Number of protein chains: 2
Amino acid sequence: MAQNTASKLNETSRSAVGRDGVLDIAARLFREQGYGSVSLRKIAEAAGIKAGSIYYHFGSKDEIVAAVLDAGIQVVHASMRDAVTALPADTDGETVLRAAIRAHLRALLDVSDYTSANVRIFGQVPQSVRDANLPTRRAYEAEWDSLLSRLQEDGALKQDVDIRRLRLMLIGALNATLDWFDPDRGSADALSHTYADVFLNGILERKDA
Amino acid sequence: MAQNTASKLNETSRSAVGRDGVLDIAARLFREQGYGSVSLRKIAEAAGIKAGSIYYHFGSKDEIVAAVLDAGIQVVHASMRDAVTALPADTDGETVLRAAIRAHLRALLDVSDYTSANVRIFGQVPQSVRDANLPTRRAYEAEWDSLLSRLQEDGALKQDVDIRRLRLMLIGALNATLDWFDPDRGSADALSHTYADVFLNGILERKDA
DNA sequence: TTGTTTACCTAACAGTCGTTAGTTAGGCGT
DNA sequence: ACGCCTAACTAACGACTGTTAGGTAAACAA
């Protein structure tokens, strides 16, 4: 968020990274290096300020990382919901699901350092910070559960799959791409097609009638 | 590995955790808490010795974590290969793939602190340690690629799926279970069935002939 | 019995961490 | 011109980190 709020200050003065600037840089460093090896001094240096100055904008390191985590979910949540609600009301289930998958993968791999930082560092962060991020997560998970349930009721999905488990499998699989995705080998959109193909139809060769 | 090598010392003397004991405990702590928040003093305390004593068995913290990472892959590699080679030569492709998935998930979720520690901390560890683990990883990946290629040549798998990408998707999805798997909600074996069902046949309701 | 090896211990080192207190300097409203 | 607000700065704190040097006691081989 706030790619560069150089706003409201005449450009001649010092950088004036501000709170949003620090947050942007923190998100990028967390995504690149993980939580443990990104110190406040590293963040400060990348932002062009000194470590102590960060405490003008944030009360603690936990507050920074909590803000990054929350923003990360909010970005992907908005991306996924917008993609689905933008479709005509009578769109078939397969198309809806494909759109949701593509939106999630786009936020994760193309758009947002915040979303990728969230996926990368959530498991490395102190328990209290994880807990603080949980409500935001639950809301996004509920969005998926709601979508998948609707598709199942419409008869688009098999009746015997457990929605919660399917959501965990699907999001887990998509998030795992962060460890190996290489834009030189194909776009996030192309990858989303492959994921949709596999999850929707499987990989088994079928001798259909 | 080496669940408890209390060997060759009469039991009356001090615990004598030894190199393997330290490694076991390190693997467990890494799995539970991640890399960054497990210090040598924590490992030592859990092992019932003092921090400095660890340097009798290991030259550095990196050496410990490297040993944990390598063992983690070796365990799951052996588990997966053994499961596949134990099958009759004429076993059909679907059954072979199901066995491989179950073996991977078992090593990850039931059997080995080393395998789960590897998956958990690989992305948190210094670059040099990651690099040292790469050859072992590549060997396991090659095992999967070989298996999947064979199934595709036999006509069991669709011809248009890229083996490398499929392997990344599949192992990524399986490893992601570590973040949410709860044995109270179902066994690893049961979960492996669900994964196999989804990957093999997809989740789309089909009106077969 | 003596000497060696094994497996630990104690104590300290330099470096890094998050965090705090107190200070400074430019821009703005009055 | 005055004082306030904003956004920095410097310098240091205690805690914790991986690591090292040197000592100790039991087990075993000769």
Side-chain angles (χ1 to χ4, degrees), chain A residues 2 4-26 29-30 33-68 121 124-129 132, chain B residues 2 4-26 29-30 33-68 121 124-129 132:
Chain A
N4 204 355
T5 317
S7 63
K8 74 177 173 188
L9 269 194
N10 50 4
E11 303 287 339
T12 57
S13 78
R14 261 292 154 63
S15 46
V17 277
R19 189 191 145 103
D20 288 346
V22 170
L23 220 47
D24 279 356
I25 283 160
L29 293 181
F30 284 141
Q33 310 181 25
Y35 173 75
S37 49
V38 173
S39 64
L40 290 182
R41 284 170 178 83
K42 270 193 190 173
I43 297 173
E45 193 189 13
I49 64 177
K50 295 303 166 66
S53 308
I54 291 184
Y55 283 82
Y56 175 74
H57 300 292
F58 301 94
S60 66
K61 188 186 184 187
D62 281 1
E63 197 178 309
I64 298 179
V65 72
V68 169
I121 71 176
Q124 314 179 16
V125 126
Q127 183 75 39
S128 59
V129 177
Chain B
N4 205 356
T5 318
S7 62
K8 76 179 173 187
L9 270 192
N10 51 2
E11 303 289 338
T12 57
S13 79
R14 260 293 151 63
S15 45
V17 277
R19 190 190 144 101
D20 289 345
V22 170
L23 220 47
D24 278 356
I25 283 159
L29 292 181
F30 284 142
Q33 311 181 27
Y35 174 75
S37 49
V38 173
S39 63
L40 291 182
R41 284 169 178 82
K42 270 192 191 174
I43 297 174
E45 193 189 13
I49 63 177
K50 295 305 165 67
S53 308
I54 291 184
Y55 283 81
Y56 175 76
H57 300 291
F58 301 94
S60 67
K61 189 187 183 186
D62 281 1
E63 197 179 307
I64 299 179
V65 71
V68 169
I121 72 176
Q124 315 179 16
V125 129
Q127 184 75 41
S128 59
V129 177

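Proteins come first, then strands; the chains are lettered A, B, ... in the order of their sequence lines, and each starts at number 1. Predicted model, so just to flag it, every value in this text is computed and none were measured. Note: hydrogens, waters and symmetry copies are ignored here, and every other heavy atom, side chains too, is used.
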(request) Whole angstrom is fine here: how far is it from CD1 in A/Ile43 over to P in C/dC17? (result) 11 Å
(message) Looking at every heavy atom in both A/Ile25 and A/Ala47, which two are closest together, and how far apart are they?
(response) CD1-CA, 3.4 Å
(message) Can you tell me if A/Lys50 touches the phosphate of D/dC9, counting only side-chain N or O atoms and a distance under 4.0 Å to OP1 or OP2?
(response) no
(request) Measure from CG on B/Asp20 to C1' on C/dT6 and round the result to the nearest Å. (result) 15 Å
(message) Can you confirm whether B/Ile121 sits close enough to B/Val38 that some side-chain heavy atom of one is under 4.5 Å from a side-chain heavy atom of the other?
(response) no
(message) Using whole Å, what does the distance between atom P of nucleotide C/dT16 and atom NZ of A/Lys61 come to?
(response) 15 Å
(message) Rounded to whole Å, please give me the gap between NE2 in B/His57 and C1' in C/dT6.
(response) 9 Å
(message) Would you say that A/Tyr35 contacts A/Lys61 through its side chain, given a criterion of any heavy-atom pair below 4.5 Å between the two side chains?
(response) yes
(request) Would you kindly give the CG-to-P distance between A/Leu40 and D/dT10, to the nearest whole Å? (result) 17 Å
(request) Using a cut-off of strictly less than 4.0 Å, decide whether A/Ser53 has a side-chain nitrogen or oxygen near OP1 or OP2 of D/dC9. (result) yes
(request) Taking only the side-chain nitrogens and oxygens of A/Tyr56, find out if one of them lies under 4.0 Å from OP1 or OP2 of D/dA8. (result) no
(request) Let me know the distance between CD1 of A/Ile49 and P of C/dT24, rounded to the nearest Å. (result) 20 Å
(message) Check this one for me: any side-chain N or O of A/Ser39 less than 4.0 Å away from OP1 or OP2 of C/dT16?
(response) no
(request) May I have the distance from B/Tyr55 (atom OH) to C/dA7 (atom P), rounded to whole angstrom? (result) 19 Å
(message) By nearest heavy atom, map A/Gly52 and A/Lys42 onto DNA chain C; which one lands nearer the 5' end?
(response) A/Lys42
(message) I'd like to know if the side chain of A/Lys42 reaches the main chain of A/Ser37, judged simply by a donor and an acceptor atom lying under 3.5 Å from each other, with no hydrogens or angles considered.
(response) yes
(request) Could you state the atom-to-atom distance from CZ of B/Arg41 to C1' of D/dC16 in whole Å? (result) 7 Å
